[in-house]
A.B. asks: 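To start, I am sharing the structure in question, which I have written as structure tokens.
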Amino acid sequence: MTVCGLLLQNETLKRAGGTEVEKGSGKYQFYLWMAGTCLCGPLGLYFLHEALKHGQASFVIPVYQSLSTVFQLVVGGILFREYASFSLAKHLAFWPGVLLVLVSVVAFTRYAEQEGGAVHSKEVPEQQPEGAGRPEAAALPAKA
């Protein structure tokens with residue numbers, strides 16, 4: 001998101017070289033995009049950290065990266081008018097590739113979760129009570 005924001009700032013500055021009205025709106029857009037970049041960068045990191053805290057890294061990181069890439073493809077393509085020159089054949093060749101990447105990430109993360117579940121489902125050795133094996137533990141009163 002931050003890279004896309006910086007590209008938008010660059011494009012806004014290029015377009016601000018027109019009439020006085022356009023220069024004023026270009027400055028306004030520049031500050032708006034600068035504020036958005038300063039806000040979205042830390043928020044993206046915060047949500048990534050929260051997702052990693054509550055989920056497995058083998059699931060969170062690929063999904064985060066793939067969704068970020070797809071978002072940048074869509075937003076960047078629309079804002080910079082990259083898809084305006086696409087013919088129907090180019091659209092039919094491009095978007096299934098993006099969809100294939102997303103489906104592959106989902107399949108990968110499900111496989112990783114199943115493998116992780118199989119490892120965790122194996123028999124876990126019994127834990128000893130607190131203080132077991134220590135001579136001073138025998139002298140302590142039992143917890144109620």
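Not measured: the values here are computed from a predicted model. All heavy atoms count here, side chains included; hydrogens, waters and symmetry mates do not. We're numbering straight along the sequence, starting at 1.
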A.B. asks: What are the two closest heavy atoms between P62 and A57, and how far apart are they?
C.D. replies: CD-O, 3.6 Å
A.B. asks: If you measure from CG on L48 to CD on E50, what distance do you get to the nearest 0.5 Å?
C.D. replies: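 One gets 10.0 Å once the value is rounded to the nearest 0.5 Å.
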A.B. asks: Under 4.5 Å between side-chain heavy atoms, counting indirect links through other Ile/Leu/Val/Met/Phe/Trp/Tyr residues: same cluster for F71 and L43 or not?
C.D. replies: no
A.B. asks: Nearest 0.5 Å, please: how far is CG in L99 from OG in S104?
C.D. replies: 9.0 Å
A.B. asks: So, for H91 and F86, which heavy atoms are closest and what is the spacing to 0.1 Å?
C.D. replies: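 Closest heavy-atom pair between H91 and F86: NE2-CB, 3.3 Å.
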A.B. asks: Report the distance from atom OH of Y83 to atom CG of L73, rounding to the nearest 0.5 Å.
C.D. replies: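 Interatomic distance, Y83 OH to L73 CG, rounded to 0.5 Å: 5.0 Å.
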A.B. asks: Between F94 and V105, is there a shared hydrophobic cluster once you connect ILVMFWY residues whose side-chain heavy atoms come closer than 4.5 Å?
C.D. replies: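 Yes, same cluster.
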A.B. asks: Examine distances only and state if a side-chain atom of S68 and a backbone atom of Y64 form a donor-acceptor pair shorter than 3.5 Å.
C.D. replies: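 Not at all, since once roles are kept as given, no pair shorter than 3.5 Å links the two residues.
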A.B. asks: Test side chain to side chain contact (heavy atoms under 4.5 Å, CB included) on V98 and T69; report intermediate values, then the result.
C.D. replies: CA-CA 9 Å; V98 173; T69 301; over 6 Å; no
A.B. asks: On a heavy-atom basis, which atom in T37 and which in P42 lie closest, and how many Å separate them?
C.D. replies: O-CD, 4.4 Å
A.B. asks: According to a hydrophobic-cluster definition based on side-chain heavy atoms being under 4.5 Å apart (Ile, Leu, Val, Met, Phe, Trp, Tyr only), do V70 and V63 belong together?
C.D. replies: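 Yes, it is one cluster - the side chains of V70 and V63 are joined through contacts under 4.5 Å.
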A.B. asks: Quick one: are W95 and V74 in side-chain contact, heavy atoms under 4.5 Å?
C.D. replies: yes
